[in-house]
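Comments concern the structure below.
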Amino acid sequence: MVKVSVVIPIYNVEAYLEDCLKSVLNQTLTDIEVICVNDGSTDKSLSILEKYAKEDKRMIVINQENAGHAVATNIGMTYATGEYLFLMDSDDIIEFNALELTYNKARENDVDFVIFKAINYNNAEEKYYETKSYTMKEVYNQVHDNVFSYEEVKDLIFMMSVTPWSKLYNRRFISENNIIFPEGLIFDDNIFFWEVLFNAKRIVFLNEFLFIRRFYSTSSTNNGDLRFLDSIKINKLIWDTFKKYDYFDYHKNHLYNNMVLSIYNRYTKIKDEYKNIFFQEMKKAYMTILEDEDLFNDFMENVDDNNKKLFIQVLSTENPTDFELLRETYGSIIKNPGGH
C-alpha cells in the first residue's frame with residue numbers, strides 16, 4: 001500500500017497543469033500514486049497528462065467524457081489504494097514537502113484528517129496574499145497542536161476552510177463513512193467538508209502554509225455562468241446535512257444569514273444575461289421559506305436586519321430590474337434620511 005493517493009480531476013487547464021503535476025510528482029514523499037481523471041478536456045490537458053505518465057509510473061490517467069468536478073473526483077477516489085488521500089485541484093500548486101509533513105503528522109496523531117493552511121496567488125498580478133478562511137488563525141489558537149473533533153471547535157466551524165485541498169484524509173475513514181462529492185453541482189466542497197467534519201473523531205491542525213491557491217477570472221467558481229444557480233441548491237444541501245447530524249438548531253443563526261448573503265453574492269457576480277433566471281430561482285427558494293409558517297417565523301427571528309431586508313426585497317419584486325431599483329432606492333434613503 002502506498003502512503004498517499006493524490007487524486008486530481010482535470011478539465012481544460014493546459015495553462016496551469018504542468019505546474020500542478022510538477023509540484024505533486026516532485027514531492028519529498030515519494031511513496032505516492034497520482035490518479036489523474038481527465039474530465040473530457042478539449043484542450044491539450046490529456047496530451048500533457050499522457051506525457052507525464054510515460055515519464056513517471058506513479059501516475060494513472062483515467063479519461064472520461066465530461067461529467068463535472070464531483071464525478072471526476074469521486075471516480076478518482078475509487079481507484080485510490082493509499083493509506084491517506086489528498087485531493088488536488090489541477091490549476092493549483094502544493095509545496096514540495098506538503099505530503100511528507102502532513103503524512104507524518106497524520107501517522108503521529110492517528111487522525112481522520114489533517115487540516116493545514118493555504119495561501120492565495122493572484123495570477124494576473126503575480127502576487128501572493130493571505131485570507132482568513134485559508135489561514136484559520138482562530139481555529140489554531142483554539143486547538144493548537146492537540147487532537148480535536150467537532151465538539152472542540154463547534155463555535156469556530158465557519159472559520160474553517162471547506163476546501164478539500166487543505167486536508168489530508170485517512171482513506172479508510174472516507175471510504176467507511178461513504179463520503180463523496182454531490183454530483184452535478186459546483187461549490188460542492190461544502191457538503192464534502194461538513195460530512196468529513198461531523199464524522200471525524202480525531203483531527204489535527206498543521207500550522208503551515210502548504211498549498212498555493214491560484215486565483216484567475218475564468219475559473220469555474222468565478223465565471224458567472226448558469227452554474228452559479230448551484231449555490232441555491234448547495235445551500236439547501238448544507239441545511240440538510242446539518243439537520244442529518246442534528247446540528248442545525250445550534251448553528252441556525254449562521255445558516256439562515258449565510259444562505260441569504262451567499263446567494264445574493266452569487267447574484268451580484270452572475271452575468272447579466274442570466275440574472276433573471278437566477279433571480280427567479282432565488283425568489284422561488286425564498287418562497288419555500290415564506291410558505292412554511294414555522295420555518296418563516298424562526299428564520300425572521302434569527303436573520304439580521306440587512307439580510308432580512310434583502311429577503312423581503314426579493315419577495316417584493318418580480319424581476320432583477322425592479323429588485324435592483326428597490327435596493328438602490330433603499331440604499332439612498334439610508335445614506336440620506338429625510339433628504340430631498
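A cation-pi contact links K275 to Y267, judged by a cut-off of 6.0 Å to the six-membered ring centre and 45° from its axis. With Y250 as the aromatic partner, K154 meets the cation-pi criteria of under 6.0 angstrom to the ring centre and within 45 degrees of the ring axis.
Side-chain contact between I157 and V139 is absent, with no heavy atoms from C-beta onward closer than 4.5 Å.
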Taking it one step at a time, do K105 and D145 satisfy side-chain contact (heavy atoms from CB on, under 4.5 Å)?
CA-CA 10 Å; K105 190 81 168 177; D145 297 317; 4.1 Å; yes

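Ring centroids of F242 and H251 are separated by less than 6.0 Å, placing the two rings close together. Between W194 and F158, the ring centre distance stays below 6.0 Å. Ring centroid separation for the pair F279 and F323 comes in under the 6.0 Å cut-off. Between F113 and Y84, the gap from one ring centroid to the other reaches at least 6.0 Å. Taking the six-membered ring wherever Trp is involved, the centroid distance between the rings of Y121 and Y129 does not fall below 6.0 Å. Aromatic rings from F248 and Y256 are positioned such that their centres are separated by under 6.0 Å.
No donor-acceptor contact under 3.5 angstrom links the side chains of E95 and S23, judged on distance only. Defined by atom type and a distance below 3.5 Å, a donor-acceptor pair is present between the side-chain atoms of S41 and N38. At a cut-off of 3.5 Å, with distance as the only test, a side-chain donor of E152 or S149 sits close to an acceptor on the other residue. N122 and E126 are not linked by any side-chain donor-acceptor pair at a separation below 3.5 angstrom, with hydrogens and angles left out of the test. Counting only N and O atoms by type, the side chains of T131 and N120 include a donor and acceptor under 3.5 Å apart. Side-chain contact, Q64 with D39: a donor N or O sits under 3.5 Å from an acceptor N or O.
Considering every non-hydrogen atom in both L101 and L210, the closest pair reads CD1-CD2, 3.9 Å. Here the closest heavy-atom approach between residue S45 and residue L17 is recorded as O-CD2, 3.6 Å.
N97 places no side-chain N or O within 3.5 Å of a backbone atom of E100 that could act as its donor or acceptor partner. Put simply, the side chain of N109 never gets that close to the backbone of V111: no donor and acceptor are under 3.5 Å apart. A donor-acceptor contact shorter than 3.5 Å links the side chain of K308 to the backbone of M300. For S90 (side chain) and I10 (main-chain N/O), no donor-acceptor pair under 3.5 Å exists by modelled atom type.
Atom CG of residue L49 and atom CD1 of residue I60 lie 12.5 Å apart, to the nearest 0.5 angstrom. C36 contributes atom SG, which lies 11.5 Å from atom CG of N63 (distance to the nearest 0.5 angstrom). How far CG of N207 is from NZ of K117: 4.0 Å, rounded to the nearest 0.5 Å.
Residue-environment remark: CG (D246) stays at or below the threshold of 12 foreign heavy atoms within 6.0 Å. Environment of CD in E293: sparse, with no more than 12 heavy atoms of neighbouring residues, nucleotides or ligands closer than 6.0 Å.
A salt bridge does not link K233 with E281: every distance from a Lys NZ or Arg NE/NH1/NH2 to an Asp or Glu carboxylate oxygen is 4.0 Å or more. Salt-bridge formation is detected for the pair R213/D92: a Lys NZ or Arg NE/NH1/NH2 atom is positioned less than 4.0 Å from an Asp or Glu carboxylate oxygen. Between K252 and D298, at least one side-chain nitrogen of the basic residue sits less than 4.0 Å from a carboxylate oxygen of the acidic one, meeting the salt-bridge criterion. Between R214 and D19, at least one side-chain N (NZ, or NE/NH1/NH2) sits under 4.0 Å from a carboxylate O, which counts as a salt bridge. Classification of K244 and E195 as a salt-bridged pair holds, one side-chain N sitting under 4.0 Å from a carboxylate O.
Considering W165, Y169, F187 in turn, Y169 is the only one that fulfils the ring-ring contact (aromatic ring centres under 6.0 Å, His included) rule with F192.
Note on ring orientation: taking the six-membered ring where Trp is involved, the planes of Y245 and Y247 are parallel (angle under 30°, cut-offs 30° and 60°).
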